[in-house]
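Protein chains get the first letters and strands the later ones, always in sequence-line order, with residue 1 at the start of each.
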There are 2 protein chains.
Amino acid sequence: MTEHSLWRFSRAIHRAINERQPGDLETLIDDDVDWAIYGPIDMFPFLGARRGKAAVLEVIRRIAETVRVRRFDRESVMLGVDSAASMMRYSLTALDSHKPISVRLAHFAKFKADRLSSIRVLVDTFDLVEQVLGRPIHLPRIAP
Amino acid sequence: MTEHSLWRFSRAIHRAINERQPGDLETLIDDDVDWAIYGPIDMFPFLGARRGKAAVLEVIRRIAETVRVRRFDRESVMLGVDSAASMMRYSLTALDSHKPISVRLAHFAKFKADRLSSIRVLVDTFDLVEQVLGRPIHLPRIAP
């Protein structure tokens with residue numbers, strides 16, 4: 001039984017971010033990849049939708065300029081033949097302020113011939129924004 | 001082949017919210033269910049972690065008092081034997097203001113004897129908060 005594409009992709013993306021070595025990642029992304037990380041692009045211009053390998057590698061380069069991954073825990077994972085979904089909790093360090101950032105995300109990924117062909121990433125964005133701002137945003141109580 | 005527990009659970013939860021008929025849902029939740037919807041509990045007190053069927057039914061009752069589900073699209077889904085994960089986009093109507101709310105979420109669920117035993121729900125919370133506030137929150141641009 002060969003290793004699932006998710007594990008190779010995971011190692012490669014963390015290496016690209018933490019060591020700024022995108023070589024492995026480059027070989028694991030489909031040329032025509034369909035990519036989206038949902039979130040406030042005004043604050044983080046590297047979020048949002050991208051199409052194609054070059055655009056995705058540029059996103060990863062910018063993420064690598066912004067944060068370092070200190071640790072991650074995969075809280076849930078589901079593997080299909082050519083697909084994978086996880087819920088993950090990341091402990092990051094912001095490179096400018098050296099502040100810790102903790103963020104939870106979920107991804108749904110598809111692979112084609114071992115390469116990432118599509119991914120959608122959802123982030124607990126309000127929690128992320130408050131941490132990066134360094135102060136709570138006042139919210140009215142809405143629901144009963 | 002019998003129907004996956006996810007589909008039964010999905011129908012029951014939507015019926016509980018839109019028709020305020022929690023009877024079906026009650027039979028599909030494990031007594032000791034482990035439940036969490038991550039998000040700002042100051043604004044929405046029904047978010048957060050809960051344990052046990054009674055606490056979860058109370059959450060659903062409060063959600064049913066707050067919104068109506070207009071439609072939902074399951075953008076990604078993965079099914080295991082006793083597990084399921086989806087990424088979904090909901091079109092809701094706030095019952096007090098009659099305003100439309102659009103929210104994307106991801107869930108990872110586990111079932112035991114056809115009953116929900118555990119679920120974790122992640123929401124694109126910043127987008128949700130801005131819609132409910134009815135105004136954008138100003139964000140500084142952080143990343144390069």
Fill in: chain A contact via B:Ile41 - side chain, backbone, both or neither, heavy atoms under 4.5 Å
neither
Worksheet item: Tell me, side chain or backbone of B:Ala84 under 4.5 Å from chain A's heavy atoms, or both, or neither?
Response: backbone
Worksheet entry | Contacting moiety of B:Pro40, where chain A heavy atoms sit under 4.5 Å | side chain
Item to complete: Identify whether the distance between the nearest side-chain nitrogen and carboxylate oxygen of A:Asp24 and A:Arg15 falls below 4.0 Å.
Response: yes
Response to the item:
Most heavy-atom pairs under 4.5 Å with chain A, out of B:Glu130, B:Arg104, B:His107, belong to B:Arg104
Worksheet item: Of the backbone (N, CA, C, O) and the side chain (C-beta and beyond), which part of B:Ser118 lies under 4.5 Å from a heavy atom of chain A, both, or neither?
Response: neither
Worksheet entry | Region of B:Ile137 in contact with chain A, defined by heavy-atom distances below 4.5 Å | side chain
Worksheet item: Hey, is NZ on A:Lys53 packed in by over 12 heavy atoms from elsewhere, all under 6.0 Å?
Response: yes
Fill in: Salt bridge B:Asp42-A:Arg141, side-chain N to carboxylate O under 4.0 Å
no
Fill in: A:Tyr90 versus A:Arg70, side-chain donor and acceptor atoms under 3.5 Å
no
Worksheet item: What part of B:Val123 gets closer than 4.5 Å to chain A, counting heavy atoms only: side chain, backbone, both or neither?
Response: backbone
Practice prompt. Against chain A, label B:Asp124 side chain, backbone, both or neither, depending on which of its atoms sit under 4.5 Å from a heavy atom there.
Written response: both
Worksheet entry | Side-chain donor-acceptor pair present, A:Ser86, A:Arg74, cut-off under 3.5 Å | yes
